[in-house]
J.: 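Please find one structure pasted underneath; my questions will follow.
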Amino acid sequence: MVLGFQNKKMHIRQKRLVAANIRRSSVWPWMLSVSISPVLAIVLSSVWNLAGRAQSGERAGLIHASTARQGMNSLADSESRLKPTQMPTHSPLQRTSAIRGGIHSLSEYRFLTQSIPPVARIKQGRQVSLNGRILPLAWTQQPTNSTSTNFRTWIADVGLMQSAGVDLLNTADSTKQPVQWFSVSLTNAQSLRARSTGAYRYLDITDFAKLAGWQISIDNNLLKISTQTANVTGIRQAARETGDRIVVDLDRSAPWQVNFVDTPSPSPTDDPTKPAIPLQVSPAAPNLETPDDPTKPAFSQPLAPVQQITSQEWSIAIDAKVDRTFVDRIFATSQQLRSLKIEPAGNQTRIKVKIPLGWRPQVFSLGNPHRLVIDIRPDSLVEKDIAWAAGVRWRQQYQNLGTARFPVYSLEVNPRQSGVKIRPLLSNPPTERGTAPLLQTAELSGTAAAINAGFFNRINRLALGAIRRDTKWLSGPILNRGAIAWNDRGEFAIDRLTLQETLITPANQRLLVSQLNSAYVESGIGRYNPDWGASYTPFSDNEIVVTVAGDRVVSQSPGGAATKTNFPIPGNGYILALRSDFSPASQLVAGNLLRLETNTIPANFNRFPYILGGGPVLVQNSRVAVDAKAEGFSDAYVRQTAIRSAIGRTAAGNLLIVAVHNRAGGAGPNFAELAQILQQMGAVEALNLDGGSSTSLYLGGSLLDRPPSTAARVHNAIGIFIQP
């Protein structure tokens, strides 16, 4: 009995010893798990912050038209808006970067692996269903930590504003975004958390959604948001000193969106929102944007003006039902409000207004009671000043020149900010030929911000001006036109640019090369190297094509008819295209050894790896410096008024990216006015970019300055990348 008891005690001790050994053997795996947890945190935080990409292609025409409003006591007077508080890659980035997101600093995340949500629990997508409307809007959702059952939902900020009417108020902190939406006002400490991930700035809408009564669910890669059905309870009108006001009374808050309905025929500046008389043109001359620019195809003058287009239609879609009595009602009209129609569309109401060409409705929401206010006025811009990301500031403001008020959309970028990179963008990389909407080009490239850039031929879709990337001339400068040059150290130069190339023959004759890798055709010698592409196709009839390999002339051939024959470009050489003047042909016979000299004027431009051309130069040394003739522009072209794009540098070395639209109640600026606007904004140097319908300013997945449906396809752009 005693012996059995002792054996039992020994058996228990053996079991305890085995258990202790097991515990000791577990120390190393535990230590290993701790040592790799920072690495795992980095990897998972990278996945956590992957940015969804909006689908390629043009979006529905949306504009941001919301702003914070309070206290509408009387319809005509007290229902005035309150302004938000004023605030005093290495080689070309590949398309694959479109699926890359940003990584936050590791200090934002705990290193222990149990605090990181498993990848399988992080969801993201590129589409949002808002009460059944499918919107191309980036979103992500993840739990607070690996054990939490509470999920946080994040949505791209500009898209949220444009698709639901959530107004983004001024902020000096890029990590906090105050918002206003009907009676929901989240400011100061209650501001939404914001997170920049490179291409997008996401807002945490979790708490906002609860206050607003939004229901959120996920169906595969679709984020579904539904709101309680609202009803239109009244529609009121009032005349105001600044225009007309329409007030839509609602029984509860409801998402709303502004859409551009129809596109008028092109005006002489190819700008569908500019008041002008359209011209009758021949089918062979489709470009109407810059008729006085010698680099663009000419068009025939009209025999007689056709009927003038004076108005355009906008639609304000509200997720609310409307009674038939409002649909059948006849509303008052005025000089500004040409027509007002109410259209039911299931659980949605569309309020369609026809207003003067170039005007936009200004729309904002109010709470207690719930109202949507639609103002028809010439100065519809809602001013904003938002720190969007580290090194990027988004502003919307009016710039005054005498009695003229110009709406200006701008980004101020600090190129010395860590992670900020500025690159030329092509619409159809890796080829030089092609055009696309800036919205599509920006999203495919993965850029956070972008603006359309240089001129191009709308027929063959090739650049007409300087594009240099990684020290390679994809398109050479022309006509001594203005260009902007930069590097990754935050240094910039803006000036008129000429590329001077000379061929030196064995007889020491100097042959001037007129163009390098250019679609601009003029008499002389054009040179095309491998940066142009694999082959050269003559732009004009009867060219003489000279092939040079290893600095030695290989062959000389007739070019034949334009666009018919492809001539391979040697990998170690180039093609010479002789046009009109064929006298150099006798010096370019097979076997001759050639020497090439290349210089830029100004000489310092040659040290910059990135260059984009435009023109004319607007500002130099803080002074207006428009000289049309020096850049091959006619005086008439310079006097034209149109929507404009521009880029400039401040005294602090920051980059200004600017879109200027039609002055309140009138047309866009001419170049002298544009130069003064940039000067007022603090530019010490500034350059005009392609304008008119090409003008597009992109930020975080959306166009800031215009509905996408009104923006033309462009060839190239300047992109702002924010790398982690």
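Fair warning: this is a prediction, and the values are worked out from it, not measured in the lab.
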J.: I want to know whether Y610 and W486 have ring centres closer than 6.0 Å.
T.: yes

J.: What are the two closest non-hydrogen atoms of V684 and A651, and how far apart are they?
T.: CG1-N, 3.8 Å

J.: Any chance you could measure S475, atom OG, to L462, atom CG, to the nearest 0.5 Å?
T.: 8.0 Å

J.: Rounded to the nearest 0.5 Å, how far does CD1 of I451 lie from CG of D690?
T.: 10.5 Å

J.: Going by atom types alone, do N592 and Q587 pair a side-chain donor with an acceptor below 3.5 Å?
T.: no

J.: Quick one: which of I504, L588, T502 gives a side-chain contact (heavy atoms from CB on, under 4.5 Å) with L511?
T.: L588

J.: So, the side chain of N517 versus the backbone of N529: is there a donor-acceptor pair under 3.5 Å, distance only?
T.: yes

J.: Please check if the side chain of R663 supplies one atom and the backbone of A667 the other of a donor-acceptor pair under 3.5 Å.
T.: yes

J.: Please check if the side chain of S634 supplies one atom and the backbone of Y637 the other of a donor-acceptor pair under 3.5 Å.
T.: yes

J.: Side chains of N606 and N599: is there a donor and an acceptor less than 3.5 Å apart?
T.: no

J.: Using only heavy-atom distances, determine whether the side chains of T563 and T537 contain a donor-acceptor pair under 3.5 Å.
T.: no

J.: Any chance you could lay out the side chain to side chain donor-acceptor pair (under 3.5 Å) test for D495 and Q620, step after step, and finish with the verdict?
T.: CA-CA 8 Å; D495 209 335; Q620 283 186 312; 3.1 Å; yes

J.: Any chance you could measure Q440, atom CD, to Y698, atom OH, to the nearest 0.5 Å?
T.: 11.5 Å

J.: Does the salt bridge (charged side-chain N to carboxylate O under 4.0 Å, His left out) test come out yes or no for E631 and K629, once each step is laid out?
T.: CA-CA 5 Å; E631 301 188 34; K629 292 181 180 179; over 6 Å; no

J.: Distance only, no hydrogens: is a donor on one side chain within 3.5 Å (strictly under) of an acceptor on the other, for N414 and R416?
T.: yes

J.: Looking at E491 and R607, does any basic side-chain N land under 4.0 Å from a carboxylate oxygen?
T.: yes

J.: With no hydrogens and no angle check, is any side-chain donor or acceptor of R433 less than 3.5 Å from a backbone partner on N460?
T.: yes

J.: Test side chain to side chain donor-acceptor pair (under 3.5 Å) on T695 and S645; report intermediate values, then the result.
T.: CA-CA 5 Å; T695 292; S645 302; 2.9 Å; yes

J.: Give the C-alpha distance, both sets of side-chain angles, the deciding distance and a yes or no for side-chain contact (heavy atoms from CB on, under 4.5 Å) between I720 and V420.
T.: CA-CA 7 Å; I720 311 298; V420 171; 4.2 Å; yes

J.: Does the side chain of N480 pick up a donor-acceptor pair with the side chain of T498 at under 3.5 Å?
T.: yes

J.: Quick check against the 3.5 Å criterion: does Q680 have a side-chain atom that pairs as donor or acceptor with the backbone of Q399?
T.: no

J.: Would I657 and V413 satisfy side-chain contact (heavy atoms from CB on, under 4.5 Å), going step by step from the backbone distance to the final call?
T.: CA-CA 8 Å; I657 301 173; V413 180; 4.3 Å; yes

J.: Going by heavy atoms in the side chains, are V658 and L678 under 4.5 Å from each other?
T.: yes

J.: Check for a donor-acceptor pair, side chain of D627 on one end and backbone N or O of A630 on the other, with a separation under 3.5 Å.
T.: yes

J.: Between Q723 (side chain) and K421 (backbone), is there a donor-acceptor pair under 3.5 Å?
T.: no

J.: Quick one: do V545 and L576 satisfy side-chain contact (heavy atoms from CB on, under 4.5 Å)? Show the steps, please.
T.: CA-CA 6 Å; V545 178; L576 300 175; over 6 Å; no

J.: So do the side chains of L596 and R527 get within less than 4.5 Å of each other, counting heavy atoms only?
T.: yes

J.: State, to 0.1 Å, how close P708 and L703 come at their nearest heavy-atom pair, and which atoms those are.
T.: CA-CD1, 3.8 Å

J.: How long is the span from the CZ atom in F605 to the OG1 atom in T600, to the nearest 0.5 Å?
T.: 8.0 Å

J.: Between CG of L655 and CZ of F492, what distance do you get to the nearest 0.5 Å?
T.: 4.5 Å

J.: Heavy atoms only: give me the nearest S694-A712 pair and the separation to one decimal.
T.: N-CB, 4.2 Å

J.: Evaluate R639 against D635 for side-chain contact (heavy atoms from CB on, under 4.5 Å), listing each step before the verdict.
T.: CA-CA 6 Å; R639 287 193 298 268; D635 291 335; 3.6 Å; yes

J.: Taking Q640's backbone N and O only, do any of them form a donor-acceptor pair with N670's side chain (distance below 3.5 Å, no angle check)?
T.: no

J.: Counting distance only, does the side-chain N/O of Y528 pair as donor-acceptor with the main-chain N or O of S518 below 3.5 Å?
T.: yes

J.: With heavy-atom distances below 4.5 Å as the criterion, would you say the side chains of V548 and V554 are in contact?
T.: no

J.: Tell me, do I569 and T547 make a side-chain contact under 4.5 Å, heavy atoms counted?
T.: no

J.: Does the pair D488/R423 count as a salt bridge with the N-to-O cut at 4.0 Å?
T.: yes

J.: Is there a side-chain contact between E501 and L516 in this structure, where contact means two heavy atoms from C-beta onward sitting under 4.5 Å apart?
T.: yes

J.: Verify salt bridge (charged side-chain N to carboxylate O under 4.0 Å, His left out) between E412 and R395, making sure each step is shown before the conclusion.
T.: CA-CA 8 Å; E412 184 171 353; R395 283 184 294 179; 3.1 Å; yes

J.: Taking side-chain contact (heavy atoms from CB on, under 4.5 Å) as the definition, give me every residue that meets it alongside T565, ordered by chain and number, with sequence neighbours left out.
T.: F567

J.: Where the side chain of S445 meets the backbone of T441, is there a donor-acceptor pair that is under 3.5 Å apart?
T.: yes

J.: Can you tell if the side chain of Q515 reaches within under 4.5 Å of the side chain of I478, non-hydrogen atoms only?
T.: yes

J.: Is the shortest heavy-atom distance from the side chain of L497 to the side chain of I611 under 4.5 Å?
T.: yes

J.: Would you check if Y536 and E543 make a side-chain contact, meaning some heavy-atom pair closer than 4.5 Å?
T.: yes

J.: Please find the pair of heavy atoms, one from A436 and one from S427, that lie closest to each other, and give the distance.
T.: N-CB, 3.7 Å

J.: Is the CG atom of N572 crowded by more than 12 outside heavy atoms at less than 6.0 Å?
T.: yes

J.: For S696 and R706, which heavy atoms make the closest approach, and how far apart are they?
T.: OG-CD, 4.3 Å

J.: Under 30°, 30 to 60°, or over 60°: which ring-plane class applies to F633 and F671, parallel, tilted or perpendicular?
T.: tilted

J.: Passes ring-ring contact (aromatic ring centres under 6.0 Å, His included), H661 versus Y409? Steps please.
T.: CA-CA 8 Å; H661 281 250; Y409 304 79; 5.5 Å; yes

J.: May I ask you to say whether R644 pairs ionically with E673, meaning some side-chain N is under 4.0 Å from a carboxylate O?
T.: no

J.: Determine the sole option in I467, N716, L426, D531 for which the side-chain contact (heavy atoms from CB on, under 4.5 Å) test with E432 is passed.
T.: L426

J.: Taking all non-hydrogen atoms of both residues, which atom of I484 and which atom of I494 are closest, and how far apart?
T.: CG1-CG1, 3.8 Å

J.: Got a second to check how far S523's OG is from L578's CG, nearest 0.5 Å?
T.: 9.5 Å

